[in-house]
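Scroll down for the structure; my scribbles are underneath it.
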Amino acid sequence: MKQDDSQPAGSPQQDENHIIAERRAKLAEWRQTGGAYPNDFARENTAGKINELYDVRTRDELDAACVEVKLAGRIMLKRVMGKAAFVTLQDLSGRIQAHVSRDRIGEENYSAFKRWDMGDIVGVVGTLFRTRTGELTIECAQIRLLAKSLRPLPEKFHGLTDQEQKYRMRYVDLITNEESRFTFAVRSRIVQSIRNYMVRHGFLEVETPMMHPIPGGATARPFQTHHHALDMQLFLRIAPELYLKRLVVGGFEKVFEINRNFRNEGLSPRHNPEFTMMEFYEAYSEYRQLMDFTEGMLRHSAREALGGEVFEFQGRPLDFSKPFARLTIVDAIRRSHPGFSSAQLADAGWLRDKLAALHVATSPQMGLGALQLALFEETTEADLWDPTYIVDYPAEVSPLARRSDTNPEVAERFELFIAGREIANGFSELNDPEDQAARFAEQARAKDAGDEEAMYYDADYIRALEYGLPPTGGCGVGIDRLVMLLADAANIRDVILFPQMRPE
RNA sequence: GGGUUGGUAGCUCAGUCGGUAGAGCAGUGGACUUUUAAUCCAUUGGUCGUGGGUUCGAGUCCCACCCGACCCA
């Protein structure tokens, strides 16, 4: 790092090198002309559209048609051969080659053009032709510099490969890596497909608060902030659940929200402190119907985003077309570990010993269901490759879910696992205000006892339930993780444009 | 937190047994009017992550630390 004299006073120190210095000098020359950074170039075509429309035409057809185009893009490759040159231009839609010759654009323009760099943004006007080797190309009648790139692009063949650099400088990653552009295009299509699916099924899209006076709807550590005018503590939301159910109380019987949640927890290949969830609630539904609905939504999403319901993830096939399996926690454990007997899995003492042997911490308060769940998470979860619903979660770890009519220890709840990852979590909602109040009280006791992730007692939510929540089913889908599956990304940072990073 | 692995030119990477710091791309100068990661000639550019240590001599060996990646908890 060194201070550069050309930096305006007071600007932050920038890293400079001889390449940037060279380009700054070229920018200074450009400013001398009085026409630097113009904004009067109105493009009329894009590379993708031109390729789509004209790549089917023969050389003779193109010559006869004399197709005029006006296109802008970034110079990605530049091959100068004396008095003529080829440049590869890139815009959002793709790439197209342009031919620039001195005799066509004039001596002065051509010598200026020769000084331009890869990364510069140019506008061209010209006609389409086909080169000797058959490539569809624009013969430039005009070429103008529209914006200067002061910083060199990464190596033209390999692009930016350093993971950290890709995340920190996503703009550079997007310029040079088509896979990255593809990933985020897929992400957009997935979100759009889910939104369409929900709206088509009669759901109302809503936006509920991101700043909560009481964080709720999940067990997680929240971020805290402070509102000055109100002089009150606020939390970034960890889940929208309690607000969405308040809306169902209000009569919005089918609602959904696609938005960010924030959890003040560690970073990992599957965890970013802010992440996107889709949550939906449907009155007069329950968890089995939700599973059918969610399954349909995921199938729809895969079709819309990828064009099919069967695809590859990390080198292994994933198939959304077959019905998703439904297993209880114990059934799932036994299927993947036939050595464990039903008697053992129903024995809290055996489970405690087994978990201790596996170095999984248990607490004395954990009941049979919680112990089974812990063993499931430790031994089985990661093996669930094909889409699998795990059903009937212990009520003790499901403080917002309705208890099963046949077994009050169990909640009418499911989680969906795909490729060993939790993708969705849903349940028949607990709509009994007195039961809910009792469960909040229990959570509050756990919090007082030091459990940082335990829930707060939310009196307003109880008040809402006291007005009457119809029987309702609700489900949350982790959008980032779904995108990881459909875009074949191993790391959540690959599907978040600007993932959380340590300060530079 | 533990293990594995990496940090060398703007980018992608070599660097052998410890002996003057390398290539390709990019840049600069030159040749070249149908190239395809254009080619050819010449050439600029380095606090080898940081700090110690061993040594006549360290990119290389040792120690500590910083920053990543992957795996595990």
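Proteins get letters first, then strands, A, B, ... in listed order; numbering begins at 1 in each. What you see is a predicted model; the values in this text were computed from it and never measured.
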Checklist entry - Considering only side-chain heavy atoms of A:Arg115, which listed nucleotide, B:A37, B:U28, B:U35, is closest? => result B:U28

Next on the checklist: Give me the distance, rounded to whole Å, that separates B:A58 from B:U12 when you measure between the P atoms they each carry.
Outcome noted: 29 Å

Item to check | Distance between C1' atoms of B:U34 and B:U47 (Å, rounded) | outcome: 47 Å

Item to check | Residues A:Lys354 and A:Glu378 bridged, charged N to O under 4.0 Å | outcome: no

Next on the checklist: Any side-chain N or O of A:Arg132 below 4.0 angstrom from OP1/OP2 of B:U35?
Outcome noted: yes

Checklist entry - For the side chain of A:Thr131 and the base of B:U35, is some donor closer than 3.5 Å to an acceptor across the two? => result yes

Next on the checklist: Check this one for me: any side-chain N or O of A:Arg151 less than 4.0 Å away from OP1 or OP2 of B:A26?
Outcome noted: no

Checklist entry - Atom CG of A:Leu267 and atom P of B:G68: how far apart are they, to the nearest Å? => result 10 Å

Item to check | Listed nucleotide nearest any side-chain atom of A:Glu155, set B:U12, B:G45, B:C71 | outcome: B:U12

Next on the checklist: For A:Pro154 and A:His99, find the nucleotide of RNA chain B closest to each by heavy atoms; which residue's nucleotide sits nearer the 5' end?
Outcome noted: A:Pro154

Item to check | Base-pairing assignment for B:A21 (Watson-Crick or G-U wobble, both under 3.5 Å) | outcome: none

Checklist entry - How close or far is atom C1' of B:C11 from atom CE of A:Met76, stated in whole angstroms? => result 13 Å

Checklist outcome for this item: Here the residues of residues 58-66 of chain A within 4.0 Å heavy-atom distance, strictly under, of RNA chain B are none

Next on the checklist: Between B:G6 and B:U44, how far apart are the two P atoms, rounded to whole Å?
Outcome noted: 32 Å

Checklist outcome for this item: Atom CG of A:Asp117 and atom C1' of B:G27 are separated, to the nearest Å, by 8 Å

Checklist entry - Between A:Lys114 (NZ) and B:G27 (C1'), how many Å, whole number? => result 16 Å

Item to check | Pairing partner of B:U47 (Watson-Crick or G-U wobble, both distances under 3.5 Å) | outcome: none

Next on the checklist: If you assign A:Gln97 and A:Glu164 each to the RNA chain B nucleotide with the nearest heavy atom, which residue ends up on the more 5' nucleotide?
Outcome noted: A:Gln97

Item to check | Residues that A:Phe223 engages under ring-ring contact (aromatic ring centres under 6.0 Å, His included), provided they are two or more places apart | outcome: none

Checklist entry - Hey, does the side chain of A:Asn491 come within less than 4.0 Å of B:C70's phosphate (OP1/OP2), counting only N and O? => result yes

Checklist entry - Where the side chain of A:His18 is defined as all heavy atoms beyond and including C-beta, which of B:U28, B:G45, B:A69 is the nearest nucleotide? => result B:G45

Checklist entry - Between B:A14 atom C1' and A:His158 atom NE2, what is the distance in whole Å? => result 13 Å

Next on the checklist: When the C1' atoms of B:G53 and B:U60 are compared, how many Å lie between them, rounded to an integer?
Outcome noted: 15 Å

Checklist entry - Using the glycosidic torsion, which applies to B:C17: syn (within 90° of 0) or anti (everything else)? => result syn

Item to check | Counterpart base for B:G68, defined by Watson-Crick or G-U wobble contacts under 3.5 Å | outcome: B:U5

Checklist entry - Does the side chain of A:Thr328 come under 3.5 Å of the side chain of A:Asp331 through a donor N or O and an acceptor N or O? => result yes

Checklist entry - Is the ring centre of A:Phe235 less than 6.0 Å from the ring centre of A:Tyr456? => result yes

Checklist entry - Of the candidate nucleotides B:A38, B:C11, B:U28, which contains the atom at the shortest distance from the side chain of A:Leu160? => result B:C11

Checklist entry - Hey, does A:Ile19 reach any base, or is it just sugar-phosphate, or nothing, if we go heavy atoms under 4.0 Å? => result base

Next on the checklist: Under 4.0 Å between a side-chain nitrogen and a carboxylate oxygen: does that hold for A:Arg130 and A:Asp55?
Outcome noted: yes

Next on the checklist: Could you tell me how far apart A:Asp162 (CG) and B:C70 (P) are, to the nearest whole angstrom?
Outcome noted: 11 Å

Checklist entry - Roughly how far apart, to the nearest Å, are B:A38 and B:G57 at atom C1'? => result 45 Å

Item to check | Distance between C1' atoms of B:A26 and B:G10 (Å, rounded) | outcome: 7 Å

Checklist entry - What does A:Lys166 touch in the nucleic acid at a heavy-atom separation under 4.0 angstrom: a base, only the sugar-phosphate, or nothing? => result nothing

Item to check | Euclidean distance, atom CD of residue A:Glu378 to atom P of B:C72 [Å, nearest integer] | outcome: 11 Å

Checklist outcome for this item: Which of A:Ile138, A:Leu136, A:Thr131, A:Leu89 passes side chain to side chain contact (heavy atoms under 4.5 Å, CB included) with A:Gln97? It is A:Thr131

Checklist entry - Partner of B:A42 by Watson-Crick or G-U wobble geometry, both contacts under 3.5 Å, or none? => result B:U28

Item to check | Short side-chain donor-acceptor distance under 3.5 Å, A:Ser93 and A:Asp91 | outcome: yes

Checklist entry - What does A:Lys83 touch in the nucleic acid at a heavy-atom separation under 4.0 angstrom: a base, only the sugar-phosphate, or nothing? => result base

Item to check | Rounded distance in Å between the C1' positions of B:G2 and B:U43 | outcome: 50 Å

Checklist entry - Among side-chain atoms of A:Ser398 and A:Arg413, is any donor-acceptor pair under 3.5 angstrom? => result yes

Next on the checklist: Rounding to an integer number of Å, can you tell me how far A:Lys156 NZ sits from B:A37 P?
Outcome noted: 9 Å

Next on the checklist: Using atom C1' in both nucleotides, what's the gap between B:U54 and B:C67 to the nearest angstrom?
Outcome noted: 26 Å

Checklist entry - Should the pair A:Glu442-A:Arg439 be classified as a salt bridge under the 4.0 Å nitrogen-to-oxygen rule? => result no

Next on the checklist: So A:Arg104, base contact, sugar-phosphate only, or nothing? Heavy-atom distance under 4.0 Å.
Outcome noted: nothing

Next on the checklist: At less than 3.5 Å, do the side-chain atoms of A:Arg79 and the base atoms of B:U35 form a donor-acceptor pair?
Outcome noted: yes

Item to check | Partner set under ring-ring contact (aromatic ring centres under 6.0 Å, His included) for A:His271, not counting sequence neighbours | outcome: none

Checklist outcome for this item: Closest of B:A73, B:A69, B:U34 to the A:His359 side chain is B:A73

